Every structure is written in structure tokens, then in C-alpha cells.
Amino acid sequence: MEMMKWNEILLPYDQVVNELVLKFQGIQKNYLLLEKHSPIEEVYGRVKSMASILDKANRKNIPMDKITEKIEDIAGIRIICRFVEDINRTIGIIRERNGRDLKIIEEEDYVTKTKSSGYRSYHVTVRYPIITAMGYTEVLAEIQVRSLAMNFWATIEHSLKYKYNGNMPDELQKRLVACAEAAFKLDKEMSTIRDEIMEAQKVIQTKNNLVDEILKNIQSLYYVAKVDKMNQFNMQFIELYQEGNLEKLFSFNKQLKIMAELYKVRFI
């Protein structure tokens, strides 16, 4: 049999992972810039190692010349959501792209139809078109969408399966299932205080944006205003920041804007 050219085989998958991660991170950033709750909390990507590909091909009796057709998760994207409700919203975002920059091949709902092991996640297999140095091709990729709690459990379970080479002791398996149920119960409990959590995070984001704006404004004024005056403003800002009163920080920023009008400064 001809020697496998792994670099050439895996190169398109690496590009797909990079592009998809970048796109979903871009969506997440859009929500944050609009000061809206993002259903996407974190995005990760990876290309299966050659050892993992060979292991899966061996377990599923897949011929070497068929691995790119039969193994759907060589390129893997993992999207982590803060709340269970965000999983459906994220799936909706993926579906909106169907027929545009990707094609959905299959969906597997392991959130409502939990695996016997306790595993929960939502899988979407897509075909993604790219142009590489070798030309145009379409690559299969698997997008997994899960909550923070589901991801924590799945990471632990994966490590244990690897340790026991798929032959996990029954007692340990039972305890893992119990842990999966506890993790899902945590998800449901977090959903009951979702509004409170989101409101608290909105306050934090508002403060962060305001602080960024104030620091940029002070920086701009340093070039035109008296140094002593700006040093006073800088000290005043530090005191207000440590106090943590948002109303006072907004008022302080308003003073900076008035001062900028006097000096005809355009803020960054």
C-alpha cells in the first residue's frame, strides 16, 4: 500500500479548524460589542492526531483510503455555552450558515437523548469548502456544542476511557453516570438564576467598557492639556475606580468629554 502522506491529508483540516474557530469567535465578539448576552462562551478547535485517526479507523474497520470520507471528526470544533438554553441558540446560529459557508450533513442530539454513559452534547457534522495551496476541497468537520458542566464531565470521562482503554470498571461507570446527572442538575439550577447572572455580567461589562473609554480619553488629553491637570485627573480616576461607583465614573468621563471640547480633541 502506498505510504500515507499525512501532512497533505491533515493540512486542509488544520485550515478548516482555524477558519471555523475564527468565525465563531467573531460571532461571540459581535455580541459583546453590542453589549448583548452571547450564547457562545468559549470556542476551541483541534485536528485529530494521527494515532487517534488510526485507532478510530481500526475500531470501525475503515480502510485507510476511506478515512477522509468515513471519519467525520478529524476536524473538531467545540463550542461551550454558559447555559443549557444557549445550546439551542448556538445550533440556530450554525443552521443559519447552512448553504452559505457550510453544509450540514447530520445532527445528533445527545442533550435530550443522553447516551447510556451519561454523555451530553449536541453534535453537528458539516461539510466545509476551502481553498488550500493544493486547490479546492470540501472537508468534513464535527461541531460539538455543550454547556460548561457538560464539558467538564466529558473531559473527565474521556480521560478515564483512555486510561482503561474502553474497558472501564462497572462501579466507576455507575459513579460517572451519577456525576453526569449531578452536572445536568447544576445546569438546570443555573438556568433558574440565569437572569440574575446575566444582569451581574452586564454590569461588569459596562464597567469594563467605561474604564477602557476613560483611559483612552485621558491618553488623548495628555497631548494637549497641562500635565499637572492631567495628573490630577489620573489620580482622581484611580480613586474612583477603587471606589467602584459606576455613576461617579460616568460623571468623571463626562468631565473629560467637556474638557475635550474645550481643547477641540477628538477621542480615539
Side-chain angles (χ1 to χ4, degrees), residues 1-31 38-81 86-111 115 119-146 150-151 154-155 157-159 161-162 166:
M1 185 179 73
E2 185 181 354
M3 186 178 72
M4 300 289 288
K5 297 179 180 178
W6 286 105
N7 285 342
E8 290 186 14
I9 292 171
L10 297 182
L11 186 147
Y13 292 97
D14 185 64
Q15 185 171 328
V16 166
V17 166
N18 290 336
E19 288 190 17
L20 285 174
V21 167
L22 189 63
K23 287 183 177 182
F24 288 116
Q25 286 178 339
I27 294 171
Q28 178 194 27
K29 186 176 181 179
N30 286 342
Y31 276 98
S38 172
I40 299 173
E41 178 72 11
E42 297 173 353
V43 185
Y44 303 102
R46 65 97 185 98
V47 176
K48 259 188 186 302
S49 67
M50 290 180 282
S52 295
I53 295 171
L54 292 173
D55 181 58
K56 188 163 188 174
N58 184 54
R59 284 187 286 107
K60 294 184 174 290
N61 296 315
I62 298 172
M64 288 294 100
D65 60 346
K66 297 292 182 181
I67 60 174
T68 58
E69 300 174 29
K70 301 294 184 181
I71 300 181
E72 300 171 341
D73 63 342
I74 295 177
I77 306 297
R78 184 169 298 160
I79 300 176
I80 311 300
C81 302
D86 291 335
I87 294 175
N88 285 333
R89 290 182 63 195
T90 302
I91 297 302
I93 290 171
I94 297 171
R95 288 173 181 158
E96 286 177 2
R97 307 185 82 99
N98 189 32
R100 297 180 180 179
D101 60 349
L102 56 81
K103 182 180 179 181
I104 294 177
I105 305 300
E106 184 181 17
E107 294 186 30
E108 296 173 293
D109 183 0
Y110 298 121
V111 176
K115 286 188 175 184
Y119 177 83
R120 284 183 171 90
S121 188
Y122 200 106
H123 294 190
V124 183
T125 302
V126 302
R127 191 177 295 280
Y128 188 82
I130 56 166
I131 297 177
T132 71
M134 297 180 293
Y136 176 87
T137 187
E138 294 184 359
V139 175
L140 288 173
E142 182 181 79
I143 304 172
Q144 298 178 352
V145 187
R146 56 179 66 153
M150 292 174 191
N151 188 59
T155 302
E157 193 250 4
H158 178 77
S159 298
K161 281 174 68 175
Y162 182 82

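Scope of the values below: all heavy atoms of this structure, side chains included, with no hydrogens, waters or symmetry mates. Small disclaimer: the values here were computed from a predicted structure and weren't measured.
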Arg59 meets the salt bridge (Lys or Arg N to Asp or Glu O under 4.0 Å) criterion, sequence neighbours left out, with Asp55

Nearest heavy-atom pair of Phe24 and Ile40: which atoms, and what distance? O-CD1, 3.9 Å

Atom pair CD (Glu157) and OG1 (Thr155), whose distance is rounded to the nearest 0.5 Å: 10.0 Å

Between Ser121 and Arg78, is any pair of side-chain heavy atoms under 4.5 Å apart? no

Taking the side chain as every heavy atom from C-beta outward, state whether Val111 and Met150 have any pair of such atoms under 4.5 Å apart. yes

Could you tell me which residues satisfy salt bridge (Lys or Arg N to Asp or Glu O under 4.0 Å) with Lys56, sequence neighbours excluded, listed by chain and number? Asp73

Run Asp101 and Glu19 through side chain to side chain contact (heavy atoms under 4.5 Å, CB included) and show every step you take. CA-CA 11 Å; Asp101 60 349; Glu19 288 190 17; over 6 Å; no

Nearest 0.5 Å, what's the CD1-CZ distance between Ile80 and Arg146? 6.0 Å

Within this structure, what is the NE2-OH distance for the pair His158 and Tyr119, rounded to the nearest 0.5 Å? 10.5 Å

Nearest 0.5 angstrom please: Lys60 NZ to Lys70 NZ, how far? 11.5 Å

Would you say Ile53 and Leu10 make side-chain contact, with heavy atoms under 4.5 Å? yes

Contact between Glu41 and Asn151 at the side-chain level, heavy atoms closer than 4.5 Å - yes or no? no

Closest non-hydrogen atoms of Gln15 and Ile131, given as atom of the first, atom of the second and distance, are NE2-O, 3.1 Å

Inspect the contact between Glu138 and Lys103 and indicate whether a charged nitrogen and a carboxylate oxygen are less than 4.0 angstrom apart. no

What one should report as the nearest heavy-atom pair of Val16 and Ala141 is CG1-CB, 4.1 Å

With heavy-atom distances below 4.5 Å as the criterion, would you say the side chains of Leu140 and Thr68 are in contact? no

Show the nearest heavy-atom pair for residues Cys81 and Pro39, with the distance to one decimal. SG-O, 3.3 Å

In Å and rounded to the nearest 0.5 Å, what is the CD1 to CD1 distance from Ile91 to Ile94? 4.5 Å

Begin with the C-alpha distance, continue with both residues' side-chain angles, and end with the deciding distance and a verdict on side chain to side chain contact (heavy atoms under 4.5 Å, CB included) for Glu107 and Arg95. CA-CA 10 Å; Glu107 294 186 30; Arg95 288 173 181 158; 2.7 Å; yes

From Ile143 CD1 over to Tyr128 OH, what is the distance, rounded to the nearest 0.5 angstrom? 10.0 Å

